[in-house]
2 protein chains.
Amino acid sequence: MNADSDLTIDRYRDLAEFRRQIRQFLHFSELTAKEHGIEAQQHQLLLAVHGLPDGTNPTIREIASRLFIQHHSAVELVDRLEVTGTVVRHPGSQDKREVWVRLTPAGRAILRRLALAHRTELERSGPELAQALNSVLRHSRRVAAS
Amino acid sequence: MNADSDLTIDRYRDLAEFRRQIRQFLHFSELTAKEHGIEAQQHQLLLAVHGLPDGTNPTIREIASRLFIQHHSAVELVDRLEVTGTVVRHPGSQDKREVWVRLTPAGRAILRRLALAHRTELERSGPELAQALNSVLRHSRRVAAS
DNA sequence: TCGAAATAGATCGTGATACGATATATTCGT
DNA sequence: ACGAATATATCGTATCACGATCTATTTCGA
């Protein structure tokens, strides 16, 4: 079997369905975040900061790394979040170059509501997403060889 | 157990890890698409069109529906894809209001390379994504009640 | 110890994306 | 026939992410 015949129309459809499931979830996330007064990316920054492991400092650079964005994109997100009153900047205690980002009570309240909404949505749509991912993996080259 | 105590720090971390896995995948997708000369959203439109079920026409509206975007956002994506030479517009045969979007040979070639790259990436990172999703669902309210 | 290199963050300008509002062309329903 | 509905397009705006560049602070080697 050559590489060409390995990519049948059904394989494209598996990939398309997987992407559709991801987009459906992200679309839900987008709408829900906006209903609560923030943008989807801003919500994800709140979640990334609040979900940081113990002992990891909430610096701009750490946040950027976890969101897979450049540090100046994280700067801009924090700018916009500060305007909404959901986070505040603190100067780093040891290293004065650092800026630590902390959620305000308002930020924690929004994040909590969004976390509950997202969990409920994942209860509903998570199995379909897992199923779509499985369909891609089930027919992938390595797995198909077994 | 009230709703507050139900959302412990570990639940936030589960959600954060799930989002991190999704962002990692989308980051890979973004970089890989750009390496092949198109934007990530444009790649997803190509995939959505090529992965359409038999008998479903590739109209702007159908595409918009599958990408969870407004129809005029799909118009703009197709505009940009036409410039790159990966798709062409055809007037609808029956309904002259419709526009059918078709991949060019160049579009199919790019999509094929991207499909292979994404499948390889999902072989690598898919299990972690599934695991992260499971961690969210395992501790969700309904599941926890069992 | 002192100055260059490295690191952390901020700023500016740009392009892609998605949106709401609105416009045009075509088709449908009565 | 003709107003309502549908399909697509256009325009202006906001978010987001980027590269390039800047300042402040820390680190490290001569």
Side-chain angles (χ1 to χ4, degrees), chain A residues 19 23-24 26-31 33-35 37-46 48-49 56-84 86-102, chain B residues 19 23-24 26-31 33-46 48-49 56-84 86-101:
Chain A
R19 295 304 284 248
R23 290 192 75 113
Q24 193 278 325
L26 295 178
H27 185 236
F28 161 85
S29 186
E30 178 99 16
L31 291 180
K34 279 186 178 156
E35 278 170 11
I38 60 175
E39 296 293 324
Q41 317 305 320
Q42 299 174 15
H43 162 224
Q44 289 177 70
L45 191 147
L46 293 183
V49 168
T56 302
N57 298 328
T59 64
I60 295 281
R61 194 159 285 273
E62 177 66 32
I63 292 166
S65 158
R66 288 181 176 266
L67 295 180
F68 297 95
I69 55 180
Q70 303 299 310
H71 64 101
H72 50 260
S73 299
V75 167
E76 295 164 346
L77 275 174
V78 171
D79 286 347
R80 289 188 286 267
L81 280 164
E82 251 189 338
V83 170
T84 71
T86 47
V87 305
V88 289
R89 281 174 159 98
H90 286 281
S93 48
Q94 310 290 339
D95 188 334
K96 287 177 185 170
R97 291 169 305 180
E98 291 184 349
V99 164
W100 289 16
V101 177
R102 297 204 183 287
Chain B
R19 295 305 284 247
R23 290 192 75 111
Q24 193 278 324
L26 294 179
H27 185 237
F28 161 84
S29 186
E30 179 101 15
L31 291 180
K34 279 185 179 156
E35 280 171 10
H36 288 78
I38 60 175
E39 295 293 324
Q41 317 304 319
Q42 300 176 13
H43 162 224
Q44 288 176 72
L45 191 146
L46 293 183
V49 169
T56 302
N57 298 328
T59 64
I60 296 281
R61 193 161 285 274
E62 178 66 32
I63 292 166
S65 159
R66 289 183 176 263
L67 295 180
F68 297 95
I69 56 180
Q70 303 300 309
H71 63 101
H72 51 260
S73 299
V75 167
E76 295 162 346
L77 274 175
V78 172
D79 286 346
R80 289 188 286 267
L81 280 164
E82 253 190 336
V83 171
T84 70
T86 49
V87 304
V88 288
R89 281 173 159 99
H90 286 282
S93 48
Q94 310 291 338
D95 189 333
K96 286 178 184 168
R97 290 171 304 180
E98 291 185 349
V99 164
W100 289 15
V101 178

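Each chain gets a letter, A, B and so on, in the order its sequence line appears, and its residues count up from 1. Computed from a prediction, not measured in an experiment: that's the story for all the values here.
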Side-chain N or O of B:Gln41 versus OP1/OP2 of C:dA16: is the shortest distance under 4.0 Å? no

Would you mind reading off the distance between A:Glu30 atom CD and D:dT15 atom P, rounded to a whole angstrom? 12 Å

Looking across every strand, which nucleic acid part, if any, lies under 4.0 Å from A:Gln44 by heavy atom: base, sugar-phosphate, or nothing? nothing

So do A:Arg23 and B:Leu67 actually touch side chain to side chain, heavy atoms under 4.5 Å? yes

Atom-pair distance (CD on B:Gln42; C1' on C:dA18), nearest Å: 14 Å

Indicate, with a heavy-atom threshold strictly under 4.0 Å, whether A:Glu62 touches base, sugar-phosphate, or nothing. nothing

How do A:Ala40 and A:Arg97 order along DNA chain D: which one's closest nucleotide is nearer the 5' end? A:Ala40

A:Phe68 CZ to D:dC16 P, in whole Å, measures 18 Å

Of the nucleotides D:dC16, C:dT27, D:dT25, which has the atom closest to the A:Glu39 side chain? D:dC16

Residues in residues 70-80 of chain B with a heavy atom under 4.0 Å of DNA chain C, by number, are B:Gln70, B:His72, B:Ser73, B:Glu76, B:Leu77, B:Arg80

Closest nucleotide among C:dG9, D:dA17, C:dT26 to the A:Thr59 side chain: C:dG9

Could you grab the distance from atom CD of A:Glu39 to atom CG of A:Leu81, nearest 0.5 Å is fine? 10.0 Å

What is the distance from atom CD of B:Gln41 to atom OG of B:Ser73, rounded to the nearest 0.5 Å? 10.5 Å

First locate atom NE2 of B:His90, then atom CG of B:Asn57, and finally report the distance between them rounded to the nearest 0.5 Å. 12.5 Å

Just how far, in rounded Å, is P of D:dC16 from CG of B:Leu26? 15 Å

CD1 on B:Ile60 to NE2 on B:His71, rounded to 0.5 Å: 10.0 Å

Which listed nucleotide (D:dA17, C:dA8, C:dA18) is nearest to the side chain of B:Ile69? C:dA18

Hey, is B:Glu82 close enough to B:Arg89 for a salt bridge, meaning N to O under 4.0 Å? yes

What are the two closest heavy atoms between B:Val49 and B:Pro58, and how far apart are they? CG1-CB, 4.2 Å

A:Gln94 CD to C:dT7 C1', in whole Å, measures 16 Å

Closest-nucleotide 5' rank along DNA chain C - winner of A:His27 and B:Lys96: A:His27

I need the CD1-P distance between B:Ile38 and C:dA16, as an integer number of Å. 13 Å

Whole-Å distance between C:dA6 P and A:Asp95 CG? 17 Å

Taking for A:Lys34 and for A:Arg89 the nucleotide of DNA chain C with the nearest heavy atom, the one nearer the 5' end belongs to A:Arg89

side-chain N/O B:Arg61 vs D:dA7 OP1/OP2, d < 4.0 Å: yes

